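Below is one structure; the comments refer to it alone.
In this text, all values refer to a predicted model and were calculated from it rather than measured experimentally. All heavy atoms count here, side chains included; hydrogens, waters and symmetry mates do not.
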Amino acid sequence: MNVTTIANIFAVLFAPIVAVWIGQVLLDRTEKRKDKMSIFRSLVSSRVYGWTVESVNALNLIELVFYKDENVCQQWRKYYESLNVKAPADETQIRKMQFEQDELIRVMGKTLKYSDDAIAQIIRTPYMPIGMSNQMQSQQKYQDMQLAAMQALLGQMEKKENG
């Protein structure tokens with residue numbers, strides 16, 4: 001048996017295995033990018049109007065999905081730290097929270113190979129229609145009024161029980 005025959009036998013035996021392995025590596029890479037993009041999209045789309053279940057879920061997945069991206073994980077920890085207050089004490093704290101959120105989006109965008117200009121544009125120009133903003137404020141006002149009414153009703157019930 002000559003060298004060419006042996007090489008052909010190895011090629012016939014191992015080429016499919018190598019092809020499957022390469023295909024799996026490429027598929028894994030694609031899936032990881034999709035997961036990262038899903039988190040990035042969720043955070044970018046919800047940054048204007050606050051928390052959603054989707055954005056909170058995305059935040060909770062950052063360290064799992066971006067585990068090899070130390071810059072993203074480090075910025076997530078900074079953002080988390082800025083959020084870890086019972087109630088924002090003042091405008092400075094609110095600005096810090098916003099800055100850290102924008103910075104997280106910037107670092108994620110950079111990891112995902114977006115240009116600095118594109119990321120800056122995304123951060124600078126959030127969009128929320130006035131009608132949507134008004135509707136959200138009305139809903140919040142309505143909920144606050146419901147809560148106040150329920151608290152007043154409970155207070156009256158307690159007075160009757162005690163008096």
Side-chain angles (χ1 to χ4, degrees), residues 24-163:
Q24 189 61 48
V25 167
L26 293 174
L27 182 62
D28 288 348
R29 186 179 296 166
T30 300
E31 287 300 315
K32 286 176 184 176
R33 178 160 174 81
K34 279 169 112 178
D35 290 345
K36 289 177 182 181
M37 286 299 298
S38 175
I39 291 171
F40 183 71
R41 279 191 198 109
S42 176
L43 297 180
V44 168
S45 65
S46 66
R47 76 191 188 285
V48 175
Y49 47 82
W51 303 114
T52 64
V53 171
E54 182 183 359
S55 66
V56 171
N57 287 339
L59 290 171
N60 283 308
L61 289 172
I62 288 173
E63 289 186 303
L64 175 67
V65 174
F66 286 89
Y67 72 96
K68 287 187 178 179
D69 300 300
E70 185 55 38
N71 290 338
V72 173
C73 291
Q74 185 176 18
Q75 184 55 43
W76 159 237
R77 286 182 213 108
K78 285 182 185 178
Y79 180 41
Y80 178 80
E81 209 173 279
S82 75
L83 296 173
N84 203 11
V85 293
K86 289 190 184 211
D90 56 19
E91 192 62 33
T92 304
Q93 180 65 36
I94 293 169
R95 278 196 302 270
K96 179 173 177 38
M97 293 163 76
Q98 185 62 53
F99 172 79
E100 297 300 348
Q101 179 185 34
D102 291 347
E103 200 55 21
L104 178 61
I105 290 170
R106 186 189 69 73
V107 172
M108 283 181 166
K110 196 169 187 92
T111 294
L112 293 166
K113 307 289 189 237
Y114 284 100
S115 72
D116 289 338
D117 292 339
I119 299 167
Q121 182 68 18
I122 288 168
I123 292 170
R124 269 196 316 269
T125 57
Y127 174 68
M128 181 187 285
I130 293 190
M132 183 178 183
S133 176
N134 292 343
Q135 181 182 17
M136 289 172 68
Q137 288 174 352
S138 293
Q139 285 176 348
Q140 185 62 50
K141 185 176 180 181
Y142 179 72
Q143 288 174 349
D144 291 345
M145 289 170 43
Q146 281 184 318
L147 180 62
M150 290 304 296
Q151 287 173 337
L153 183 62
L154 286 173
Q156 288 178 356
M157 289 173 65
E158 287 176 1
K159 282 181 184 178
K160 284 184 180 179
E161 286 178 3
N162 295 333

Distance in Å, [X] [atom1] paired with [Y] [atom2], rounded so as to fall on 0.5 Å steps:
| X | Y | atom1 | atom2 | value |
| --- | --- | --- | --- | --- |
| Ile119 | Tyr114 | CD1 | OH | 9.0 Å |
| Lys34 | Leu27 | NZ | CG | 8.5 Å |
| Tyr79 | Gln98 | OH | CD | 7.5 Å |
| Lys141 | Gln137 | NZ | CD | 10.0 Å |
| Ile105 | Ile123 | CD1 | CD1 | 6.0 Å |
| Ile39 | Met108 | CD1 | CE | 6.0 Å |

Is the side chain of Thr111 donor-acceptor paired with the backbone N or O of Val107 at a distance under 3.5 Å, no angle test?
yes
Has Gln93 got a side-chain atom pairing as donor or acceptor with Ser82's backbone, closer than 3.5 angstrom?
yes
Looking only at side-chain N and O atoms, does Gln140 offer a donor or acceptor that is under 3.5 Å from a partner on Asp144?
yes
Test item: side-chain donor near acceptor, Gln24 and Asp28, under 3.5 Å:
yes
[X] versus [Y], closest heavy-atom pair with distance:
| X | Y | answer |
| --- | --- | --- |
| Leu43 | Ala58 | CD2-CB, 4.2 Å |
| Ser45 | Ser42 | OG-O, 3.2 Å |
| Trp51 | Leu59 | CZ3-CD1, 3.2 Å |
| Val44 | Arg47 | O-NH1, 2.5 Å |

Partners of Lys78 by side chain to side chain contact (heavy atoms under 4.5 Å, CB included), sequence neighbours excluded?
Gln75, Glu100
For Glu81, look at atom CD and say whether over 12 heavy atoms of other residues, nucleotides or ligands are found less than 6.0 Å away.
no
Minimum side-chain heavy-atom gap Lys159-Gln156 below 4.5 Å:
no
Are any non-hydrogen side-chain atoms of Gln121 and Asp117 less than 4.5 angstrom apart?
no
What residues, two or more places apart in sequence or in another chain, satisfy side chain to side chain donor-acceptor pair (under 3.5 Å) together with Gln139?
none
With side chain to side chain contact (heavy atoms under 4.5 Å, CB included) as the criterion, how do Leu83 and Gln101 come out once you've worked through the C-alpha distance, each side chain's angles and the decisive distance to 0.1 Å?
CA-CA 9 Å; Leu83 296 173; Gln101 179 185 34; over 6 Å; no
Residue pairs meeting side chain to side chain donor-acceptor pair (under 3.5 Å), one or both in residues 55-74, sequence neighbours left out, come to Lys36-Asp69, Thr52-Ser55, Glu63-Arg77, Glu70-Arg77
Derivation and outcome, side chain to side chain contact (heavy atoms under 4.5 Å, CB included), residues Leu64 and Asp35:
CA-CA 10 Å; Leu64 175 67; Asp35 290 345; over 6 Å; no
Decide yes or no on side chain to side chain contact (heavy atoms under 4.5 Å, CB included) for Lys96 and Thr92, but give the supporting numbers first.
CA-CA 6 Å; Lys96 179 173 177 38; Thr92 304; 5.7 Å; no
